Amino acid sequence: VVNPELDLLVLGSGVGGLSAAVRAAGPGSLRVGVLTKARLDQSATRWAQGGVAAVLGGDEDSIDLHLADTLAAGAGLCDTDAVRILVEEGPGRVSELIALGALFDRDPGGALARAREGGHSMARVLHAGGAATGAEIERALVEAVHATAAAVMEGWFALDLLVSDSGTGARCSGVRALDVDGVVHDVRARHVVLATGGAGQLYSVTTNPAQSTGDGVAMALRAGVAVADVEFMQFHPTALHHPAMPRPLLSEALRGHGALLRDADGNRFVDELSPRDVVARAMTGRMLEQGVDHLWLDATMLERFDERFPTIAASVRSVGLDPARDLLPIAPAAHYLSGGVVTDLDGATSLPGLWACAEAACTGVHGANRLASNSLLEGMVFGPRVVEAVLAGRDGPRATGAMRGVLGAEAPVGVRHLALALPPGPPAADGEVPDVAKARDELQRAMTAGAGVLRSAASLAATAPAVAPLVGLRPTGAAEAELANLATVAWALLRSAEARTESRGAHNRSDHPETSPALRHRLVLGGPG
Ligand SMILES: Cc1cc2nc3c(=O)[nH]c(=O)nc-3n(C[C@H](O)[C@H](O)[C@H](O)COP(=O)(O)OP(=O)(O)OC[C@H]3O[C@@H](n4cnc5c(N)ncnc54)[C@H](O)[C@@H]3O)c2cc1C
């Protein structure tokens, strides 16, 4: 048993976990520990390019327009209360980050520079280092956490939640984790925050780093904690089509500045500023029609490319392409899990003592499809809200936000509970997978073929046999644990995608191309009810 005296144990060191940890060391301070499976500065957060959407005072944009754009992208499944909190509290959190030392790009007059991205009706995306926004945010937060956290456990792998029942009902009391030497420990804390990020590694082509294996969502599913909206895996339309992993991202900002999409014949085929799902769908349709595995981004008309987008210029040039001259090969890549562990407006999950924030959570802010640049913002806003709630003495979920329907309360977006029977372990007696890397690769291929940008009842059913035997693996190390977690999230995604017999947001069924008003509800796995 490690650190029995921690008030708050944060799992993960991306924008959500670190924002929570920094706030926990602030007024009213809590004894906080951060446990993360790689180095503290390694996360999807540091790869984020385009920026953070936030309406700052004194311009013609408004909070309501940001709200409206977010709701429009979310295709009927956003929780409006959660979105209002996101857009109203966001600007204050950006100011706090600047006060902490994060350097955002400024225009020659010294005002914060703002870009426009797909799905945004105004230029409101703040950025740093051109397209190195996540790296700068991560740098500022890591520095602050090193200075304030009671414990930093780098290279520790959280395996599963510890759930105890002292007579007043089940509550989370810590995690079981592997330390850097692979030794198992029970790390106890009064409260645990899941900030373990997304699950892009479910697919062969992804922008996400190798750590994005859905561990937190899988732990929640195994513990019977409510999880929702996992069928909404957002595919980023414009990842560079190159064998590098994770796929270098050609940020929306390029299209915001005028870059064009061209098909195999050089023709334009979609409004470049449409939301991501629309662009990814149009691209996949066109790729199928033309029988090609990539299309083109034409950025040849953009002036001062290297100066304005140094990160993108570096990745493009590293594979021998010159953006001023060459069309850039692109294909959609798994990018962002819009769903996750269901929370109320303060990050409380259905299990008392367990909280979730940022990409691992389903706060309801993204609905069926996340608006570009809203996810860094979500971590910055909802991470600290968890801490405020803990400091206020909260311990379990309230019927607010996306949690309303889960707790059986009246909710603007209703819920349907799906039974999730997790398949048992593999038939082999010892349950060991001989080649974990190969098994992971096969899982990714199966998910890409059957549960990617376009799915159907037949393709989902054909994918299940590749996933089922891996769900119940009893891992002996971190690599097997990640494989079992990927399979568990894949299983939940297949189940949800099969039940959602419509196309909505990031979920597209070739056998049900229409959006069905009758299915305007969240699909919830686990939790009460
Ligand atoms: C290439 C790219 C570009 C992006 N661009 C933007 C953008 O411009 N704007 C925007 O808003 N969003 C962007 N995003 C999305 C955004 O970066 C992420 O959604 C966000 O950073 C997620 O933050 P997080 O706190 O949820 O976790 P992450 O940053 O994903 O970090 C998760 C953390 O959890 C740890 N962890 C996971 N499992 C375990 C375990 N079992 N035990 C211990 N630790 C664990 C990981 O090591 C990591 O530290 C981009 C994403 C990518 C990949």
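Both counts, for ligands and for their atoms, begin at 1 and track the order of listing. The first residue of the sequence shown is numbered 1, and numbering continues consecutively from there. Since this is a predicted model, take the numbers as computed values, not measurements.
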- Do G50 and ligand 1 have an N or O pair less than 3.5 Å apart? yes
- Does ligand 1 have any atom sitting under 4.0 Å from a heavy atom of G379? no
- Note on the structure: of all protein heavy atoms, closest to atom 6 (C) of ligand 1 is A48 CB, 3.4 Å
- Looking only at protein heavy atoms, identify the closest one to atom 15 (C) of ligand 1 and say how far it is in Å. S375 OG, 3.4 Å
- Query: For K37, is at least one N or O under 3.5 Å away from an N or O on ligand 1?
  - Reply: yes
- Starting from atom 25 (O) of ligand 1, find the nearest protein heavy-atom neighbour and note its residue, name and distance. G16 N, 2.8 Å
- Give yes if a backbone or side-chain nitrogen or oxygen of P209 is under 3.5 Å from a nitrogen or oxygen of ligand 1, and no if not. no
- From the options H366, E378, H335, select the one whose nearest heavy atom is closest to atom 52 (C) of ligand 1. H335
- Hey, mind stepping through E388 and R385 against salt bridge (Lys or Arg N to Asp or Glu O under 4.0 Å) and telling me if it holds? CA-CA 5 Å; E388 311 278 352; R385 283 183 73 87; over 6 Å; no
- Query: Out of R370, R116, R124, which one pairs with D69 under the salt bridge (charged side-chain N to carboxylate O under 4.0 Å, His left out) rule?
  - Reply: R124
- Task: Taking the side chain as every heavy atom from C-beta outward, state whether S496 and H507 have any pair of such atoms under 4.5 Å apart.
- Result: no
- Taking atom CZ of R317 as the centre, report whether more than 12 heavy atoms of other residues, nucleotides or ligands fall under 6.0 Å from it. yes
- Message: With a 4.0 Å cut-off on heavy atoms, is L11 in contact with ligand 1?
- Response: no
- Query: Closer than 4.0 angstrom: is that true for some heavy atom of S373 and an atom of ligand 1?
  - Reply: yes
- Task: Below 4.0 angstrom from a heavy atom of W156, which ligand 1 atoms are there? Numbered from 1 as shown, please.
- Result: 42 (N), 43 (C)
- Query: Hey, is ligand 1 close enough to Q42 that some N/O pair sits below 3.5 Å?
  - Reply: yes
- 4.5 Å side-chain heavy-atom contact, Q201 and E482: no
- Task: Determine the minimum heavy-atom distance between P209 and W47, stating which atoms define it.
- Result: CB-NE1, 3.7 Å
- Among L194, D215, N374, L377, which one has a heavy atom closest to atom 39 (C) of ligand 1? D215
- Would you say M153 contacts ligand 1, with heavy atoms under 4.0 Å as the rule? no
- Message: I want to check something: taking the side chain as every heavy atom from C-beta on, are V193 and V390 in contact at a cut-off of under 4.5 Å?
- Response: no
- Task: Any chance you could measure S13, atom OG, to R39, atom CZ, to the nearest 0.5 Å?
- Result: 10.0 Å
- Just say parallel, tilted or perpendicular for the rings of H120 and H66, cut-offs at 30° and 60°. tilted
- Per atom 3 (C) of ligand 1, closest listed option by heavy atom (D160, L249, T207, L337): L249
- Query: Charged N to carboxylate O below 4.0 Å: is that the case for D7 and R31?
  - Reply: no
- Backbone or side chain, does any N or O of A44 fall under 3.5 Å from an N or O of ligand 1? yes
- Task: Compute the minimum heavy-atom distance from S212 to ligand 1 and say whether it is under 4.0 Å.
- Result: no
- Query: Less than 3.5 Å between some nitrogen or oxygen of Q211 and one of ligand 1, yes or no?
  - Reply: no
- Query: Taking both backbone and side-chain atoms of A358, is any N or O found less than 3.5 Å from an N or O belonging to ligand 1?
  - Reply: no
- Mark yes when over 12 heavy atoms from residues, nucleotides or ligands other than R176 sit less than 6.0 Å from its CZ; otherwise mark no. no
- Message: For the backbone of F232 and the side chain of D229, can you confirm whether one donor and one acceptor N or O come within less than 3.5 Å of each other?
- Response: no
- Say whether V52 and ligand 1 are in contact under the criterion: heavy-atom distance to a ligand atom below 4.0 Å. no
- Begin from the C-alpha positions of T349 and L194 and carry the test side chain to side chain contact (heavy atoms under 4.5 Å, CB included) through to its verdict. CA-CA 10 Å; T349 73; L194 284 178; 5.6 Å; no
- Item | M219 N/O under 3.5 Å from ligand 1 N/O | no
- Between Y336 and ligand 1, which part of the residue brings a heavy atom under 4.0 Å of the ligand: side chain, backbone, both or neither? side chain
- Query: Between E482, E359, E138, which one has a non-hydrogen atom sitting closest to atom 18 (C) of ligand 1?
  - Reply: E359
- Among all protein heavy atoms, pick out the one at the shortest distance from atom 31 (O) of ligand 1; state its residue, atom name and that distance to 0.1 Å. S43 CB, 3.4 Å
